[in-house]
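A short worksheet on the structure shown next.
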Amino acid sequence: MKIKKTPIIILFISSLIFALCEYINKQYFNVGFEQILFTFLYSKDTSLAVILEGVRELILPFLINFIFLITPVIIFSTYDLIISIRKLSIKIKFYPIIYSLLCFVILSFISVKKIGLIEYISYQLKPTNLYEEYYVDPGNVDISFSEKRNLIHIYLESMETTYFSSENGGTYGSSLVPELEQLAKDNLNFSNSDKLGGFIQLPGTTWTIAAMVSQSAGLPLKVISDGNSYGSNKSFLPGIVSIGDILEKNGYNQVLMIGSSALFGGREYFYKLHGNYDILDYNWALESKIIPSDYKEWWGYEDKKLFEFAKDKLLELSENDEPFNFTMLTADTHFPDGYVDPSCETKYNDNYSNSFACSSKMVFEFINWIKEQSFYENTTIVISGDHLGMQDDFYSNISPNYTRTVYNAFINTKKTDNNKNRLFSSFDMYPTILHSIGANIKGEKLGFGVNLFSDEKTLLEEIGYEFFQEELKKKTYYYDKYIIKNSYKDMSEQ
């Protein structure tokens, strides 16, 4: 019997969907479907290494699934399916099209459930009043400055306190990132415990641009119906007031420096539209000819170059009379497996561990360089991870009772005794960072964030983790009306 093409095509698609969702579920560890959707919608200039890794990871599971599913079609399209019960033989007609459609339905359901699509849809059917009840619009808050300190904010890719020694709140016998651990210990570290610690990750903050939005604007990044709202130089959350907006009004020179393309995830639009930052990314480096025209390493150029370029820019900014806000983002510790610079030690058996260990040393050396500069006296340095690591297998041995938190350290700033045993999130970084450079915030609250230098309870402390995260996953009409301001509707008409 000749095998028809339609069942084969259906089984091919079924196997591809299943393998793809398995890969996504494995790679996007501890995140929701909203992040997955955002990444697929706004993944301009994705690292070639990430794409190739995805293809390699997909091939074997896809082939295994496809061969397994197509075998019955090959066998029973040639031979009849006969079931024998004692002396009774029953000949059953095998219909490849019915079989293939059944496989498609079952595998598709399993796949979308694994990546959280069903859960995501269910939450979109449950509106929340969280914003109406707890969100504090920064545009309506009186913010003044008793002094205007320079700000250097270093976002560290996937940096969490898990890598610390167990003695200081981590999970390692000997710290994987001893220099970053020491910086947190010697300076101000806001912690979820009586040891070193960090902030709790919440929905809508679990990928880089979402983490940047949450730490500098005090609210999550939610996927909306029109990609242009995040992928356009005309609109990116027009209803928010961020650190960049506030510092621009107060005369700050502002710079974003990253070694990848700022177009990825809409980062360029966020920082241009909220603070008019100078965007110094991989494309800028090519245009400025500080790297060769054909240079491409990892996501663009590696962190070793990033820190060297940052030194030059900071010296340039310090020559101006105006205060500056310099924001930078590392990338060597991005999954899959990280990037290990040739100059790094490789004392660990896996690439990812070596990338974290080397990043720790690079940051420490950079901080020591800053301390030697004349502008340091009037400069606050904030180091924070952007989000928890996503490489599932790297964290598989961690006890389920251990709470993974995101790294933070405040250097050369005000002191407080209220920094231990705090339950807080990336939202709280927003008013806390502003206060650390001299801002006085009436009411101590901005967005969903609370100034951690104050005695005010954070939202996590007030309403609890379970309730907060559940409400953040739900549909919010406030976000559409006042944060996005339905800008995607306006843009679709242009």
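No hydrogens, no waters, no symmetry mates; every other heavy atom, side chains included, goes into these values.
- Residues Tyr134 and Phe468 keep their aromatic ring centres 6.0 Å or farther apart.
- Glu461 contributes a side-chain N or O that, together with a main-chain N or O of Leu423, makes up a donor-acceptor pair within less than 3.5 Å.
- Ring geometry, Phe307 versus Phe366: the interplanar angle falls from 30° to 60°, so the pair is classed tilted.
- Across every non-hydrogen atom of Tyr465 and Leu202, the tightest pair is CE1-CD2, 3.7 Å.
- No close placement of the Phe18 and Phe62 rings is indicated, their centers lying 6.0 Å or farther apart.
- Nearest approach of Leu388 to Gln201, heavy atoms of both residues: N-OE1, 2.8 Å.
- Note on Asp480 versus Lys475: salt bridge recorded, some NZ/NE/NH1/NH2 to OD/OE distance being below 4.0 Å.
- Taking CG from Leu151 and OG1 from Thr380, the interatomic distance works out to 7.0 Å, rounded to the nearest 0.5 Å.
- Counting heavy atoms from C-beta on, the side chains of Tyr478 and Thr128 never come closer than 4.5 Å.
- The line from CZ of Phe335 to CG of Asp393 is 11.0 Å long, rounded to the nearest 0.5 Å.
- Of all heavy-atom pairs between Ser355 and Thr333, the closest is O-CG2, 3.5 Å.
- Asn168 contributes no side-chain N or O that, together with a main-chain N or O of Leu196, makes up a donor-acceptor pair within less than 3.5 Å.
- Taking the six-membered ring where the residue is Trp, Phe66 and Phe12 present perpendicular rings, their angle passing 60° and hence far from 30°.
- Although no hydrogens or angles enter the test, the distance criterion places a donor-acceptor pair under 3.5 Å between the side chain of Asp332 and the main chain of Asp303.
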Chi angles and distances behind the side-chain hydrogen bond (donor to acceptor under 3.5 Å, both in side chains) call for Glu345, Asn354: CA-CA 7 Å; Glu345 291 183 67; Asn354 286 318; over 6 Å; no

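- Under a cutoff of 6.0 Å and an axis angle of 45°, Lys445 and Tyr430 do not form a cation-pi pair.
- From Tyr271, atom OH reaches atom CG of Asp281 across 13.0 Å, with rounding to the nearest 0.5 Å.
- Note that CD1 of Ile370 and CD1 of Ile411 are 8.0 Å apart. Values are rounded to the nearest 0.5 Å.
- The nearest pair of heavy atoms linking Ser175 to Phe164 is OG-CA, 3.9 Å.
- A distance of 9.0 Å separates CG of Leu273 from CG of Asp245, quoted to the nearest 0.5 Å.
- Counting heavy atoms from C-beta outward, Ser359 and Met159 have side chains that approach closer than 4.5 Å.
- The backbone N or O of Ile200 lies less than 3.5 Å from no partner atom in the side chain of Arg404, so there is not a single donor-acceptor pair.
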For the pair Lys361 and Glu179, evaluate salt bridge (Lys or Arg N to Asp or Glu O under 4.0 Å) and give the outcome as yes or no after the intermediate values. CA-CA 6 Å; Lys361 287 184 172 64; Glu179 296 85 4; 3.8 Å; yes

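- A pairwise comparison of heavy atoms in His334 and Trp298 identifies O-CZ2, 3.2 Å as the closest pair.
- Within the 3.5 Å criterion, the main-chain N or O of Met212 finds a donor-acceptor partner in the side chain of Ser216.
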When you look at Ile154 and Leu156, which way does the side-chain contact (heavy atoms from CB on, under 4.5 Å) test go after all the steps? CA-CA 6 Å; Ile154 307 171; Leu156 302 180; 3.6 Å; yes

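- Taking the six-membered ring for Trp, Phe190 and Phe453 have ring centres closer than 6.0 Å.
- The main-chain N or O of Tyr155 is never found under 3.5 Å from a side-chain atom of Asp386 such that the two would form a donor-acceptor pair.
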Could you check Leu237 against Tyr479 for side-chain contact (heavy atoms from CB on, under 4.5 Å), going step by step and ending with a plain yes or no? CA-CA 9 Å; Leu237 302 179; Tyr479 201 95; 3.6 Å; yes

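- Although no hydrogens or angles enter the test, the distance criterion places no donor-acceptor pair under 3.5 Å between the side chain of Thr206 and the main chain of Pro203.
- In plain terms, the two heavy atoms of Leu69 and Tyr99 that are nearest each other are O-OH, 2.7 Å.
- Between Phe264 and Trp299, the distance separating the two ring centers is shorter than 6.0 angstrom.
- At distances below 3.5 Å, at least one donor-acceptor pair connects side-chain atoms of Thr405 with backbone N or O atoms of Gly198.
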Check the pair Glu167, Ser165 against side-chain hydrogen bond (donor to acceptor under 3.5 Å, both in side chains), reporting the backbone distance first and the verdict last. CA-CA 5 Å; Glu167 176 187 359; Ser165 64; 4.7 Å; no

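- Counting only distance, with no hydrogens or angles, the side chain of Thr327 and the backbone of His153 share no donor-acceptor pair below 3.5 Å.
- Taking a cutoff of 4.0 Å between a charged side-chain nitrogen and a carboxylate oxygen, Glu308 and Lys305 do not qualify as a salt bridge.
- Classified by interplanar angle (parallel below 30°, tilted 30° to 60°, perpendicular above 60°), the ring pair Phe236/Phe270 is tilted.
- Atom CD of Glu444 is separated from atom CG of Leu452 by 10.5 Å, given to the nearest 0.5 angstrom.
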Just do the side-chain contact (heavy atoms from CB on, under 4.5 Å) check on Tyr482 and Asp137 with the steps written out, would you? CA-CA 10 Å; Tyr482 297 106; Asp137 184 352; over 6 Å; no

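- With contacts defined as side-chain heavy-atom distances shorter than 4.5 Å, the pair Phe427/Phe199 does not qualify.
- Exactly one of Ser426, Ser384, Ser425 qualifies for a side chain to side chain donor-acceptor pair (under 3.5 Å) with Gln215. That residue is Ser384.
- With Asn189 contributing its side chain and Lys185 its backbone, the two residues share no donor-acceptor pair below 3.5 Å.
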May I have the step-by-step check of side-chain contact (heavy atoms from CB on, under 4.5 Å) for Thr476 and Leu130, ending in yes or no? CA-CA 8 Å; Thr476 162; Leu130 186 71; over 6 Å; no

